[in-house]
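Have a look at the structure below before the remarks.
We count residues from 1, following the sequence as given. Basis for what follows: all heavy atoms, side chains included, without hydrogens, waters or symmetry-related copies. Order of appearance sets the numbers: ligands from 1, and atoms from 1 within every ligand.
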Amino acid sequence: MNKAHLDQPLFKLDNFSFMYNTSETASIHQLSLSIYENDITILMGASGSGKSTLALCLNGLYPEAVEGTTKGNILYKGKNIAEYPRGIINQEVGIVFQDPESQFCMVRVEDELAFVLENLAIPRSEMKKKIKKVLQQIGMLEYIDADIHRLSGGQKQKIALASVLLMEPKYIILDEPTANLDPMSRLEFIELIIAIQKKTNTGVLIIEHQVDDWEMYADRLVVLSKDNHILIDEKPETAFQLHQNMLRNQQIAIPMKYLDNQETIKKVSHEKSMPVCLEVHHLHYYQKKSAILKDISFSVKQGEFITILGENGAGKSTLLQCLIGLKKYHNGNILFQGKDLQAWDRKILSKHTGFVFQQPEHQFICDTVFDEVAFGMRLNNYTTSEINHRTISLLQAFRLLDHQWKNPFTLSGGQKRRLSVATMLDETPDLLLFDEPTFGQDAHTTKELMNMILELQAQGTAIIFVTHDMDLVDTYCERALVIDKGSVRFDGNPQSLWNQKELLQDTRLREPYRVRESVKREVVHMQ
Ligand SMILES: Nc1ncnc2c1ncn2[C@@H]1O[C@H](COP(=O)(O)OP(=O)(O)OP(=O)(O)O)[C@@H](O)[C@H]1O
Ligand SMILES: Nc1ncnc2c1ncn2[C@@H]1O[C@H](COP(=O)(O)OP(=O)(O)OP(=O)(O)O)[C@@H](O)[C@H]1O
């Protein structure tokens, strides 16, 4: 570690281990680490290396809130964390979870934030002012009266951050906080956290798989290895320059600015003569009389890969759910393989289509990972040996074989997401819809997942894919559809999208790294 610290660490882990009672191996194994009060620390590690578990132990929620056993100690301000009265640590150490939904107790946004303030014994007369101020800070003031469960994924993530900011914590832990945010909200979120850190000296621990926009602000990068020890503890710049092979071996994404050669991926160009898979004509969808989708029309051919982009709350998830018949649209029509979607028998439709939800948990219905993958095959009367063979090979491809007898709900965030994708690949569907499938994934899994998608595409599957990752779009996609406040604002090649500055700005998108760099180079060249 490079920054000299004379003060005592805020957290000191001393040979600390944590094992879930349902697990056979420890999720944190004999970890020794000091974390300092005013630092910005990034914590990276492959999916399943124990990052979220560590975050929950630091915040005092574990081992109390889960059946698990600890060994060794965590000291907080020099005193064993277990000796603090209940509730003290979670007020001083705020955490924004990977899955914001698990954080909320109330129905309305204002009530949720008031609940936080009540716990801090803030007088009622001061609450409204504080709530408005924090909502303004995160650009969500207009949602003060909204029901939380009706907010989009990204909007929920922002409310989760607001609850933590209201606590004015001593230390903030962010567990993949920007995974659901649109590109501009992500940048603003990072700038906000950095501004707060500068103003209040609050320490921050950032758990992320992609740190391109964070790393220049961080004092320190700690990398956990797959077998759970500290592999790197250095200034990010030094680590990313000196240890690229080691990081790659651990499936860790190296920020693009440190890579000399960007890998070029050959996009699969779909066959123009392929038949149309899906047609959407003048689609409208309303929620409590307000139009969420307005007059949407487009069509997708077999073997085509189309990505849907747009700011948080634009209507992307709603559109996907209409396309697969999960939400009943109000006007217009959708034809799947030439036949009205509503006329399809649901069971037959589900054989031809697959849908990967934004929240993987929404998909899980079985008690084990194995059964979850095998479920569709059993429904379709595959033989036992076919089921075993196909399930094992999918579990292997998604690096879930070691977890096959676990309950899906006890997997790590990345493992859950991989499972949610694997369950859709029991056969080769004609149409696959993905709602942000790569968020929370390490570099290796993202690449494998994208390869698998390209393979399916080459076999004729039409892919519709919602994402906030512009680099991914730039690398893999041949067509992008931009949704702006419920309407289609752009439908075409991503290359031409990157040239439309005003459109990008209006829809809170951002050029990918490659384009930003080439613009920078041009400016330097002209000077
Ligand atoms: N049940 C509901 N009642 C009222 N409004 C809703 C409901 N569900 C969603 N909305 C609103 O519809 C809009 C579109 O939501 P949707 O989840 O489709 O957005 P999104 O583009 O997928 O956003 P994100 O990128 O954040 O996931 C949002 O403004 C959301 O608040
Ligand atoms: N409630 C639980 N019960 C049993 N095992 C669990 C539970 N939660 C997590 N695990 C296991 O502990 C290990 C570490 O999980 P954790 O969520 O801490 O990983 P992570 O590094 O945050 O992963 P990701 O990057 O995928 O979010 C994983 O193998 C996971 O399957």
Side-chain angles (χ1 to χ4, degrees), residues 18-29 43-57 62-63 65-68 97-100 109 140 142-143 146-159 175-176 179-183 185-186 207-209 223-226 228 251-252 285-293 308-322 327 357-360 369 399-400 402-403 406-419 435-436 439-443 445 466-468 482-486 507-508:
F18 180 90
M19 187 157 114
Y20 292 98
N21 287 358
T22 52
S23 254
E24 280 161 17
T25 50
S27 293
I28 299 175
H29 184 59
L43 178 66
M44 297 184 91
S47 169
S49 57
K51 304 178 297 297
S52 299
T53 307
L54 176 61
L56 291 158
C57 290
Y62 280 11
V66 75
E67 293 189 0
F97 292 106
Q98 221 169 24
D99 163 20
V109 168
M140 289 285 287
E142 63 188 293
Y143 293 91
D147 284 356
I148 295 179
H149 73 276
R150 291 192 168 149
L151 297 178
S152 75
Q155 290 165 337
K156 282 181 190 152
Q157 193 70 285
K158 292 181 188 175
I159 299 301
D175 190 350
E176 296 183 44
N180 286 319
L181 299 185
D182 62 53
S185 295
R186 179 183 155 86
I207 300 175
E208 275 275 13
H209 287 289
V223 177
L224 283 184
S225 70
K226 283 180 238 169
N228 212 255
Q251 293 144 11
I252 286 168
Y285 178 84
Y286 303 92
Q287 197 69 250
K288 284 191 176 169
K289 293 195 183 145
S290 68
I292 306 289
L293 298 178
I308 299 188
L309 313 176
E311 72 174 299
N312 290 130
K316 303 177 298 296
S317 300
T318 309
L319 175 60
L320 282 198
Q321 288 170 31
C322 287
K327 278 201 155 116
F357 284 80
Q358 192 173 28
Q359 295 299 334
V369 169
R399 290 187 290 122
L400 289 168
D402 288 348
H403 305 282
K406 276 192 174 171
N407 185 310
F409 287 91
T410 67
L411 295 176
S412 78
Q415 291 162 346
K416 280 182 189 155
R417 183 126 286 266
R418 297 207 290 281
L419 176 60
D435 203 347
E436 299 183 37
F439 91 71
Q441 292 300 342
D442 56 41
T445 314
V466 170
T467 184
H468 290 302
V482 178
I483 305 293
D484 184 16
K485 297 175 189 68
T507 52
R508 300 181 60 77

Find all atoms of ligand 1 within a distance of less than 4.0 Å from any non-hydrogen atom belonging to [X], and give their numbers and elements.
X: T318; answer: 14 (C), 15 (O), 16 (P), 18 (O)
X: E311; answer: 21 (O)
X: H468; answer: 25 (O)

[X] heavy atom under 4.0 Å from ligand 2:
X: H209; value: yes
X: K406; value: yes
X: G50; value: yes

Heteroatom distance test ([X], ligand 1): nitrogen or oxygen, under 3.5 angstrom:
X: R150; result: yes
X: G315; result: yes
X: A314; result: yes
X: G310; result: no
X: N312; result: yes

Should you measure from each heavy atom of [X], which atoms of ligand 2 turn up under 4.0 Å away?
X: G413; result: 26 (O), 27 (O)
X: S23; result: 5 (N)
X: H403; result: 29 (O)
X: T22; result: 3 (N), 4 (C)
X: K51; result: 18 (O), 19 (O), 20 (P), 21 (O), 22 (O), 23 (O), 24 (P), 25 (O)

Under a 4.0 Å heavy-atom limit, does [X] contact ligand 2 with its side chain, its backbone, both, or neither?
X: T53; result: both
X: S52; result: both
X: S47; result: both

What is the minimum heavy-atom distance between [X] and [Y], and which atoms define it?
X: F409; Y: K416; result: O-CE, 3.5 Å
X: H209; Y: M44; result: O-CE, 3.5 Å
X: L151; Y: I159; result: CD1-CG1, 3.8 Å
X: S152; Y: G313; result: OG-N, 3.3 Å

Going by distance alone, is a donor N or O of one side chain under 3.5 Å from an acceptor N or O of the other, for [X] and [Y]?
X: S185; Y: D182; answer: yes
X: D175; Y: S52; answer: yes
X: D435; Y: S317; answer: yes
X: S47; Y: R418; answer: yes

Trace of the side-chain contact (heavy atoms from CB on, under 4.5 Å) decision for N180 with E436 | CA-CA 8 Å; N180 286 319; E436 299 183 37; 3.2 Å; yes
Which residue and heavy atom of the protein sit nearest [atom], plus the separation:
atom: atom 27 (O) of ligand 1; value: Q358 NE2, 3.0 Å
atom: atom 28 (C) of ligand 1; value: G313 O, 3.6 Å
atom: atom 12 (O) of ligand 1; value: I292 CD1, 3.2 Å
atom: atom 25 (O) of ligand 1; value: K316 NZ, 2.7 Å
atom: atom 26 (O) of ligand 1; value: S152 OG, 2.6 Å

Touching ligand 1 at all, D182? Heavy atoms, strictly under 4.0 Å?
->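 Per 4.0 Å heavy-atom rule, D182 does not contact ligand 1.
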Give the ring-plane orientation class for Y62 versus F18, where under 30° counts as parallel, over 60° as perpendicular and anything between as tilted.
->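 Parallel: the ring planes of Y62 and F18 meet at under 30°.
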So, the side chain of K51 versus the backbone of A46: is there a donor-acceptor pair under 3.5 Å, distance only?
->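 Checking the backbone N and O of A46 against the side chain of K51, a donor-acceptor pair under 3.5 Å is found.
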Indicate yes or no for a side-chain donor-acceptor contact from K316 to the backbone of G310 under 3.5 Å, with no hydrogens or angles considered.
->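 Side chain of K316 to backbone of G310, a donor-acceptor pair under 3.5 Å: yes, one is there.
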Geometric N/O contact L411 with ligand 2, under 3.5 angstrom | no
Test of proximity, G45 against ligand 2: N or O pairs below 3.5 Å |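 No: no nitrogen or oxygen of G45 is under 3.5 Å from one in ligand 2.
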Would you say the side chain of [Y] lies within less than 4.5 Å of the side chain of [X], judging by non-hydrogen atoms?
X: L56; Y: F97; value: yes
X: H403; Y: Q415; value: yes
X: L400; Y: K406; value: no

From Q287, K485, K288 - option closest to atom 3 (N) of ligand 1 by heavy atom | Q287
Mind checking the CD-CD spacing from E176 to Q157? Nearest 0.5 Å is all I need.
-> 9.5 Å
